[in-house]
Every structure is written in C-alpha cells, then in structure tokens.
Amino acid sequence: MRSHLTLLLMLLGLSLRAGDFQTPYPMIANVQSRTTTDLCGTWDAIVDQYDNGFYNYRMKRNPDGNTFFADRHYYDDRTQLIEYDFNCSDKLRVPGDWNTQREKLYYYEGSIWYRKLFDFDPAPGRRYFVRFGAVNYEGIVGLNGSVIGRHIGGFTPFNFEVTDMLVKGENSLIVKVNNNRHVDAVPTINCDWWNYGGITREVEILDLPETFIRDYCVRLSDDGRSIEGWVQLDGSAAAGSKVSVSIPELSFKAGVTAGSDGKAHFSLKARPERWCPENPKLYDVRIESAQDSVSDRIGFKTISTSGTKILLNGKEIFCKGISIHEEQFGTLSGRAWSLEHARELLGAAKELGCNFVRLAHYPHNENMTRLADEMGIMVWSEVPVYWTISWTNPDTYANARNQVEEMVTRDRNRASIVVWSVANETPRSPQRLDFLRRLIDTVRGLDPTRLVSAAMEIDQKAPDQITVNDDLAAYTDILSFNEYIGWYDGNVDKCRRCRWSFPVEKPVFISELGGGCKYGMHGRPDERFTEEYMVELYKAQTEMLERIPGLAGTTPWILKDFRSPRRQLMGVQDDFNRKGLLSEKGEKKDAFYVLRDWYNSK
Ligand code: GCU
C-alpha cells in the first residue's frame with residue numbers, strides 16, 4: 001500500500017515536489033558490483049504523442065497528481081473521469097528501443113510512458129537509488145505518484161535517490177520517455193542514424209549502506225612506477241573514514257583516510273603488467289570502507305603521442321580499427337544493449353583483424369567497454385556533438401558538457417579507453433571552436449591520461465592535394481578526420497591520384513573512410529552500391545593509406561549496415577546506410593576481406 005501522505009496529496013492534486021526538475025544524483029560507479037534489484041523485463045506502456053499525460057490543454061504542467069505519474073485506474077472506479085490506465089495498456093520490453101518492438105512505432109518520435117510495478121521491502125539504514133543505463137532522449141522519472149527528476153541525453157547512465165520514496169509492498173515506477181529531436185539538443189535535429197527511442201539499457205534499484213563508495217579512480221601514475229587514484233565516499237560518515245584499495249596479485253594494499261569532502265587519495269609503488277591488445281591483463285581490485293566494498297577488474301596502460309606516433313605503454317602502435325554504431329545484428333537491427341550483443345559486435349571486429357574500435361557517435365553501453373577490456377581492443381569513445389550543433393546556446397553547451405562528464409565518469413577505469421572525442425564533422429566557426437575548446441578542457445580536467453580528439457574534415461589545397469586546415473587541430477592530441485575519397489568525393493581513381501600533407505606534426509588518424517554496397521548485389525566495378533565497386537574502393541583506399549605521411553590508425557566507416565532515415569533508395573538502402581563491411585544480418589561483404597587482408601599485412 002502507498003503511504004497515506006502520498007495518497008492524500010495525490011487526491012488533493014498536490015505534487016510532492018513542485019517546480020522544475022531535480023537533476024540526477026551524482027553517478028554511482030560500477031553497479032555490476034553492487035546489490036541490486038533488476039527491473040528489466042516487460043513494462044506497461046502508453047503512447048502519448050501530445051504529452052497529454054503531463055500537460056493540460058494549454059500545455060501547462062499539471063500537478064503530479066493530475067499526470068500519468070499518479071498511476072490511477074479507470075477500471076477500478078468508473079465513477080471517476082480517468083482517461084488512461086496502465087493496467088490495461090500495451091507492453092514494451094526493457095531494455096530495448098520501441099521502434100523495433102512495434103510496427104506502429106517504427107518511425108515514432110514523441111513520448112511513451114513506461115510503468116513497472118514491483119514489490120520491495122526497504123530495510124532501515126540502507127540507501128536506495130533507481131539507476132538507468134540509458135534513456136533516449138529525455139527521461140522524467142516518478143515513483144509512487146511523485147516526480148523525482150529528469151535526465152537529458154540518450155547514451156549515458158543516471159541515478160536518483162529513492163530512499164525516502166520506496167514503500168513496503170508494491171511500488172509504481174513510471175518514466176516519461178521522449179525522443180523528439182531539437183535544434184538545440186545534443187545531437188541536434190539532423191543526424192545519420194535512427195532516432196531509437198525508449199529505455200534502451202538496463203534499469204535497477206541499487207541497495208547501498210548509509211555511507212557507501214560512490215566513485216573511484218584507479219590508474220597507473222604518469223611515471224609508470226605507482227598505482228594511484230582516489231575513492232569518493234558518500235554519506236554521513238564519509239569525512240575521516242578509512243578506505244583501503246587492494247590488488248592481491250600485486251601484493252598492493254593502500255590504506256588511506258578520506259578528507260572532509262569524503263574523498264581519499266592514494267598512491268603506492270607498483271609495477272603491474274601493462275594492458276595491451278596482445279596481453280589484455282586485468283587485475284582484481286577491491287575497494288573497502290567501513291560500511292561498503294566494491295570489486296572491479298582494472299587494467300593498467302599508458303597512451304601518449306610522440307611526433308606522428310601513437311604510443312601504447314611507450315611503444316608505437318598502429319590502430320587497426322573499425323567504426324561501430326550501437327546496433328545489434330538482425331533484419332530489424334535496433335539498439336544493442338546486452339553482453340551477447342557486445343560479443344557479436346566486438347567478435348566481428350576481431351575477425352576483421354582489429355585492435356581498435358571507434359564507438360560512434362555516442363557512448364555505447366558499458367558491456368562494450370568492459371568486454372573491450374577483456375578482449376584487448378582499444379576504444380575511441382565520443383559524445384554526439386555531431387554536425388550543426390547550436391554553438392552559441394549555453395544550454396546546449398551545458399548538455400554537451402554533462403554528457404562528457406557522464407561518459408568519462410562511467411568509463412574512467414576502463415583500460416580499453418584510449419581516446420575521448422568531443423565532436424564529429426562540425427562546421428568551422430569561432431563559436432564552434434570556443435565550444436569545443438571548452439569541452440576539450442573539460443575532458444582533460446576530468447581525465448589527463450587519455451588522448452583527446454574530434455573527427456574533423458579535409459580540405460583540398462589544389463586538385464588531388466589533400467590536407468586538414470582546421471584550427472581545432474591545435475587543441476587535439478591526434479589529427480583525426482573523415483574522408484570519403486572515392487565515394488562522396490570523386491570516384492575510385494581519385495584515391496590513386498591523391499597526395500597528402502598536414503600543417504601539424506601529430507599522429508594522423510582517419511576516423512572515417514569508405515563507401516557502400518548492398519550485400520550480394522553485383523555489377524560493374526564503376527556501378528555504385530555493387531560489391532565490385534566497394535572492393536575496388538577499399539583496394540584503392542588501402543593503397544592510398546600506405547602513402548599518407550604520419551598515419552597512425554584508421555577506423556573505416558563502418559562494421560555493419562545500420563538504420564538511417566537518410567537512406568531512402570528502396571531496393572538498395574531500404575532505410576539502411578550500406579557502408580557496412582557486414583550486412584545488417586552479419587553477412588560478410590567482399591570488401592570485408594580486402595580490409596582484413598590489409599590489416600593482417602600490417
Ligand atoms: C559522415 C558521418 C557518419 C555518416 C557517414 C555517411 O562521415 O560522420 O555519421 O554515417 O558520413 O555518410 O555514411
């Protein structure tokens with residue numbers, strides 16, 4: 001039964017929390033190591049294209065008690081005017097995008113309300129948080145009739161404290177999800193991927209002690225002779241608390257005391273085996289405080305540059321990569337989210353001969369980065385600051401910055417992460433440069449141990465004389481850019497004529513190249529979208545790459561065909577971008593073998 005106060009306030013139409021939305025609680029790290037209640041599975045769902053469940057007919061926000069968060073039931077009392085009822089609504093699976101679950105939701109953009117009823121028995125002295133792996137794009141969360149808060153951004157986790165809102169017995173968790181695109185959003189209104197809406201990753205209740213280990217950083221020192229970092233405690237007993245960080249295999253045990261801010265710093269001599277693709281060494285790390293303990297598997301490596309070289313653990317490495325969208329294999333595709341999906345995607349990258357993946361164009365689910373740690377695959381992770389962002393809108397910048405902070409906070413302890421990227425193909429202007437410079441400063445402030453970059457665009461100095469003249473290149477660690485010579489830019493023979501030069505002495509990284517074909521469609525080598533054209537293109541591209549001075553890596557576009565509303569050639573594209581080296585079902589195109597053979601020759 002719900003608390004009498006809640007019911008009374010609902011009946012009076014009063015919200016427990018009026019005004020604007022609370023932002024999420026600071027992110028709690030490594031939920032896989034916590035005590036949780038899994039809320040994945042079948043949820044009730046109500047499509048609400050006009051946000052009728054939230055606003056009145058003048059588009060003014062209703063008190064919580066007059067919104068769908070109240071979770072009232074027409075069929076329990078038909079004397080009341082109630083125009084919704086989750087008990088007799090449709091159902092949707094969580095995790096999962098809604099577009100591929102219902103024919104009628106294939107193109108749907110708007111709001112869908114999700115409800116999960118679950119029994120709970122809160123214990124005194126414990127703290128509880130509801131956590132979402134991701135909700136695209138905006139999620140407003142309510143529990144037992146009251147709105148808790150809102151998260152914006154479709155690809156990063158967030159949590160809200162619900163310690164004082166959970167009741168013994170049945171609880172009603174309701175989320176209003178909206179995936180409308182907006183000019184001032186991040187990404188903006190136009191992008192080349194499907195706008196999958198929904199609760200696209202896992203949902204759980206975290207069960208934590210009153211003072212718990214909220215976040216931590218465990219990494220190799222710059223000189224490689226120590227393991228250092230910090231532990232952030234959260235709770236009334238955080239300040240002055242003792243914390244230990246142990247790595248049994250290294251006989252490493254650091255005992256430290258948290259300061260008045262609840263943060264404990266540590267550093268202790270250690271010489272761990274270095275994580276690398278040939279030896280993805282991970283150590284069991286245990287962090288303990290008076291009331292809490294967390295276990296993690298962490299690898300230790302350094303990534304840096306020297307001139308035009310990328311150095312992993314001080315040794316030059318060539319990044320044999322591939323770009324990947326977060327889509328599962330299958331005729332329908334749809335958002336990937338599970339460990340199984342991650343195994344399929346990263347397994348295909350390995351088969352291609354890759355030691356590197358670019359997780360485009362947004363942070364992928366945590367299964368991908370944790371599995372990349374285990375498999376020894378370096379990762380480029382990025383935020384969806386993509387194309388024509390609203391560079392002068394402070395809310396847009398705050399949104400982008402928040403997504404950067406959430407991306408880095410979630411994955412700072414993942415050995416596989418080597419690049420944080422802040423943008424993709426953004427049109428040059430003073431406002432864009434200012435926006436991205438501040439974002440780069442934010443990343444470096446959060447994590448000075450990875451390379452920072454952005455996918456820039458090329459310039460043609462003279463016919464077939466290619467360079468990159470982007471003022472952003474002064475602020476990134478590598479010179480990364482997308483080039484489609486032979487597809488958007490000329491035909492295949494242009495690859496053979498091109499000469500390259502660069503105004504900066506930095507590692508050159510081609511973050512996108514390629515062209516497409518429909519799997520199994522054959523024709524002449526000069527006919528677009530044929531297997532033959534794609535093979536000729538990849539042969540000419542790989543020959544051209546051999547001639548590019550300072551090339552340190554590449555992530556051709558893209559591992560598999562993926563859905564995009566911008567690909568309307570029926571019979572060939574059918575709402576798919578066909579630049580995949582694999583079809584949407586995972587069938588290898590002929591060009592797959594061209595790139596694989598080139599990588600295996602490196
Ligand atoms: C761009 C963009 C990708 C897009 C690709 C394409 O480079 O970064 O998101 O899918 O081109 O046109 O296929």
Side-chain angles (χ1 to χ4, degrees), residues 136 154-155 181 185-196 321-327 333 335-336 345 357-364 380-389 400 419 421-428 432 436 453-460 466 468 470 472 476 478-492 495 508-519 528-529 533-534 537-538 541 545 553-569 572-584 589 591-592 595:
N136 189 48
F155 305 98
R181 289 166 290 115
V186 179
T188 183
I189 201 162
N190 183 28
C191 59
D192 192 26
W193 68 83
W194 206 265
N195 180 27
Y196 290 112
I322 191 72
S323 293
I324 301 179
H325 258 303
E326 191 185 44
E327 263 198 2
S333 283
R335 277 281 167 248
L345 291 166
V357 290
R358 177 187 178 202
L359 302 186
H361 283 295
Y362 36 75
H364 287 210
W380 160 312
S381 190
E382 66 185 62
V383 288
V385 176
Y386 181 99
W387 290 357
T388 54
I389 292 288
V419 175
S421 179
V422 297
N424 180 75
E425 290 192 351
T426 50
R428 297 167 210 179
R432 165 261 197 180
L436 295 183
S453 196
M456 293 171 255
E457 295 180 290
I458 59 174
D459 299 275
Q460 189 150 273
I466 315 291
V468 176
D470 189 327
L472 184 62
T476 61
I478 57 177
L479 183 63
S480 44
F481 55 87
N482 302 342
E483 56 89 358
Y484 282 94
I485 295 167
W487 185 259
Y488 294 123
D489 181 352
N491 291 321
V492 169
C495 297
V508 172
F509 192 103
I510 300 185
S511 36
E512 287 181 35
L513 62 84
C517 85
K518 180 174 181 176
Y519 171 75
R528 299 292 181 121
F529 293 110
Y533 190 100
M534 196 169 174
L537 176 60
Y538 266 82
Q541 274 279 351
L545 296 188
T554 182
T555 46
W557 193 257
I558 188 169
L559 179 70
K560 70 174 275 289
D561 291 351
F562 62 95
R563 281 203 181 283
S564 167
R566 302 176 72 247
R567 308 299 168 172
Q568 296 106 324
L569 178 56
V572 175
Q573 295 175 314
D574 302 315
D575 290 341
F576 278 99
N577 181 313
R578 293 288 183 201
K579 296 188 183 68
L581 288 161
L582 300 170
S583 73
E584 68 275 24
K589 299 177 184 176
F592 175 96
L595 183 62

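Start at 1 and go down the list; that is how both ligands and their atoms are numbered.
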Q: Under a 4.0 Å N-O cut-off, is there an ion pair linking K579 with D192?
A: no

Q: Does a donor on one side chain sit under 3.5 Å from an acceptor on the other, for N424 and E382?
A: no

Q: Of the choices H361, E483, R567, which has the non-hydrogen atom that lies closest to atom 9 (O) of ligand 1?
A: H361

Q: Would you say Y488 touches ligand 1, if touching means a heavy atom closer than 4.0 Å?
A: yes

Q: Closer than 4.0 Å to some heavy atom of Y484 - which atoms of ligand 1 meet that?
A: 5 (C), 7 (O), 11 (O)

Q: Within the 4.0 Å heavy-atom shell around N482, which atoms of ligand 1 are there?
A: 7 (O), 8 (O)

Q: Kindly say whether the aromatic ring centers of H325 and H361 come within a distance under 6.0 Å.
A: yes

Q: Apply the side chain to side chain contact (heavy atoms under 4.5 Å, CB included) test between K560 and each candidate in I324, N577, L345; give the one that qualifies.
A: L345

Q: Run the numbers for me: atoms of ligand 1, each under 4.0 Å from some heavy atom of N424, listed by number.
A: 2 (C), 8 (O)

Q: When you measure from the side chain of Y362 to the backbone N and O of E326, does any donor-acceptor pair fall under 3.5 Å?
A: yes

Q: Determine whether the side chain, the backbone, both or neither of W557 has a heavy atom under 4.0 Å from any heavy atom of ligand 1.
A: side chain

Q: If we only count N/O pairs under 3.5 Å, is H325 in contact with ligand 1?
A: no

Q: With a 6.0 Å cut-off on the ring centroids, do F529 and W487 count as close?
A: yes

Q: What do we get for F562 next to ligand 1 when only non-hydrogen atoms under 4.0 Å count, side chain, backbone, both or neither?
A: side chain

Q: Need the ligand 1 atom indices (1-based, order shown) with element for anything under 4.0 Å from a heavy-atom of K579.
A: 6 (C), 12 (O), 13 (O)

Q: With under 30° as parallel and over 60° as perpendicular, where do the rings of W193 and F155 fit, or are they tilted in between?
A: perpendicular

Q: Is the contact between I558 and ligand 1 made by the side chain, the backbone, both, or neither, using heavy atoms and a 4.0 Å cut-off?
A: neither

Q: When rounded to the nearest 0.5 angstrom, what distance separates NZ in K589 from OH in Y519?
A: 10.5 Å

Q: Can you report which non-hydrogen protein atom sits closest to atom 2 (C) of ligand 1, along with the distance?
A: E512 OE1, 3.4 Å

Q: List the closest protein heavy-atom neighbour of atom 10 (O) of ligand 1: residue, atom name, distance to the nearest 0.1 Å.
A: D192 OD2, 2.6 Å

